[in-house]
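The block underneath contains the structure these notes are about, expressed in structure tokens.
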Protein chains: 2
Amino acid sequence: MEIEYKEKTFFTSKDLALSVIGGRWKIAIIWCLLQQSPLRLSDIQKYLPDVNQRMLIRQLRELEDDKIITRCVYPVVPPKVEYELSEIGLLLEPVVTSICDWGDNFRLFLEENSDEASVE
Amino acid sequence: MEIEYKEKTFFTSKDLALSVIGGRWKIAIIWCLLQQSPLRLSDIQKYLPDVNQRMLIRQLRELEDDKIITRCVYPVVPPKVEYELSEIGLLLEPVVTSICDWGDNFRLFLEENSDEASVE
DNA sequence: AATAATACTGACGTTTTTGTCACTATAAAC
DNA sequence: GTTTATAGTGACAAAAACGTCAGTATTATT
């Protein structure tokens with residue numbers, strides 16, 4: 001039942017999953033690549049203006065390392081690199097969708113609650 | 001379109017969602033409470049032996065604060081506190097399920113890949 | 001009066017994550 | 001030969017997350 005990955009042991013596939021997609025910006029990156037693909041680094045930066053480039057690159061490297069995304073370097077000048085979801089990466093769509101859906105619900109919940117608060 | 005929550009601004013409900021459920025152990029805690037509910041602190045610790053108590057409590061507080069879980073204190077000695085998913089918390093079930101499912105897939109993917117590597 | 005069980009909190013240090021800044025490489029265009 | 005564009009890297013600082021340890025509170029039991 002145990003899963004060994006990158007010198008760590010996971011006891012459930014959920015824990016394994018979280019170790020791969022749990023990074024701060026990873027769901028956001030995957031979301032971008034589900035909207036549009038392939039994307040260049042500069043495109044992703046436009047989608048995610050709050051992430052600094054250094055961080056973005058680090059998260060992209062980790063995703064590439066885990067085979068969630070592919071990175072295609074074109075030998076041109078100026079450089080051109082395209083990122084795309086891999087087959088296994090594309091399977092994350094239900095995860096992203098369910099998070100978005102819940103977020104919508106939570107947002108409604110917050111609005112209802114703030115209404116109640118202002119009534120009292 | 002913008003959402004204000006806890007002195008922060010979110011531009012999508014996905015980002016709002018991630019700010020609430022993105023903590024290191026939060027999905028794990030929610031998973032526990034989906035398996036069985038209510039749970040006492042000591043029960044959750046049995047489910048999640050790798051999380052230290054301090055951390056667990058911190059994550060529980062945050063979830064309570066965000067109204068994802070409810071905390072019910074019984075006035076008995078020794079103390080008894082029960083944690084339960086709220087209505088909005090229960091709606092996270094699809095998120096947890098999709099993560100588990102993807103984890104299963106990713107695990108298979110890793111196994112296939114390690115087979116290929118050993119063949120070469 | 002000491003012990004035991006449960007559910008904590010405070011203080012503090014370590015580790016990890018994240019951010020900033022300066023820098024590199026490339027070839028084409030000017 | 002300087003500028004331009006893209007996609008980076010290295011070194012370091014700052015902030016956040018996390019962990020450890022010791023301590024608190026309660027009352028019933030011994």
Side-chain angles (χ1 to χ4, degrees), chain A residues 5-10 15 18-30 32-33 36-66 68-84, chain B residues 5-10 15 18-30 32-33 36-66 68-84:
Chain A
Y5 186 55
K6 297 194 169 171
E7 303 177 10
K8 287 189 183 165
T9 305
F10 300 98
D15 297 327
L18 289 173
S19 80
V20 170
I21 60 168
R24 181 99 109 184
W25 304 103
K26 288 188 183 169
I27 291 291
I29 292 170
I30 292 158
C32 293
L33 289 169
Q36 196 187 326
S37 191
L39 284 176
R40 301 178 65 174
L41 178 66
S42 45
D43 298 326
I44 301 178
Q45 286 187 279
K46 275 166 212 154
Y47 271 108
L48 306 174
D50 287 346
V51 195
N52 78 59
Q53 201 192 41
R54 189 89 183 88
M55 199 55 224
L56 192 54
I57 289 168
R58 278 205 270 243
Q59 300 275 296
L60 287 167
R61 284 291 168 285
E62 288 182 19
L63 288 170
E64 189 196 352
D65 223 60
D66 290 327
I68 308 305
I69 63 174
T70 58
R71 178 168 170 273
C72 178
V73 183
Y74 294 88
V76 293
V77 165
K80 179 174 173 180
V81 177
E82 285 187 341
Y83 294 94
E84 212 163 340
Chain B
Y5 185 55
K6 296 194 172 174
E7 301 177 12
K8 287 189 182 164
T9 306
F10 300 98
D15 296 327
L18 288 174
S19 80
V20 171
I21 59 167
R24 181 101 107 183
W25 304 104
K26 289 186 183 170
I27 292 291
I29 292 170
I30 292 158
C32 291
L33 288 169
Q36 197 187 324
S37 191
L39 285 175
R40 302 178 64 173
L41 178 66
S42 46
D43 298 326
I44 302 178
Q45 285 186 281
K46 276 166 211 155
Y47 271 108
L48 307 174
D50 287 346
V51 195
N52 78 60
Q53 202 192 41
R54 189 89 183 89
M55 200 55 224
L56 192 53
I57 290 168
R58 276 206 272 241
Q59 300 275 297
L60 286 167
R61 284 291 167 285
E62 289 182 20
L63 288 170
E64 189 196 352
D65 223 60
D66 290 327
I68 308 305
I69 62 174
T70 58
R71 179 168 170 270
C72 178
V73 183
Y74 294 88
V76 294
V77 164
K80 179 173 171 179
V81 177
E82 285 186 341
Y83 294 94
E84 212 163 343

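Chain letters run A, B, ... following the sequence lines, proteins first, then strands; residues in each count from 1.
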Sugar-phosphate only, base, or nothing, as touched by A/E82 at under 4.0 Å among non-hydrogen atoms: nothing
Between D/dA28 (P) and B/K80 (NZ): distance, integer Å: 16 Å
Atom-pair distance (CG on A/N52; P on D/dC12), nearest Å: 18 Å
Sugar-phosphate, base or nothing in reach of A/R58, heavy atoms under 4.0 Å: base
Residue met sooner reading DNA chain C from 5', once A/P79 and A/R54 are mapped to nucleotides: A/R54
Residue A/R40, side-chain heavy atoms: nucleotide from D/dA7, C/dT9, D/dG8 that is nearest: D/dA7
d(CD, B/E64; P, C/dA7) in whole Å: 14 Å
Option passing side chain to side chain contact (heavy atoms under 4.5 Å, CB included) with A/L39 (candidates A/I29, A/I69, A/L33): A/L33
From C/dT9, D/dG19, D/dA7, nucleotide with atom closest to B/W25 side chain: D/dG19
Residue whose nearest DNA chain D nucleotide is more 5′ - A/R24 or A/Q45: A/Q45
Atom pair distance, as rounded to whole Å: CD in B/Q53 and C1' in C/dA7: 7 Å
Spacing of B/L48 atom CG relative to D/dG19 atom P, expressed in whole Å: 12 Å
D/dA5 OP1/OP2 closer than 4.0 Å to side-chain N/O of A/S42: no
Short side-chain to backbone donor-acceptor contact, B/E64 and B/R71, under 3.5 Å: no
B/R61 side chain near C/dC8 phosphate (N/O to OP1/OP2, under 4.0 Å): yes
d(OH, A/Y74; P, D/dG8) in whole Å: 13 Å
Main-chain N/O of A/I68 paired to A/D66 side chain as donor or acceptor, under 3.5 Å: no
Touch class at under 4.0 angstrom, heavy-atom based, for A/L41 against every strand present: sugar-phosphate
Proximal nucleotide (of C/dT18, C/dA7, D/dG8) relative to the A/M55 side chain: C/dT18
Atom-pair distance (CG on B/L60; C1' on D/dA17), nearest Å: 16 Å
Touch class at under 4.0 angstrom, heavy-atom based, for A/Y83 against every strand present: sugar-phosphate
Flag, side chain of B/E82 to backbone of B/P38, donor-acceptor distance under 3.5 Å: no
Donor-acceptor under 3.5 Å (B/D43 side chain, B/R40 main chain): yes
5'-most by nearest nucleotide on DNA chain D - B/V77 or B/Q59: B/Q59
Atom-pair distance (CG on A/L56; P on D/dG8), nearest Å: 10 Å
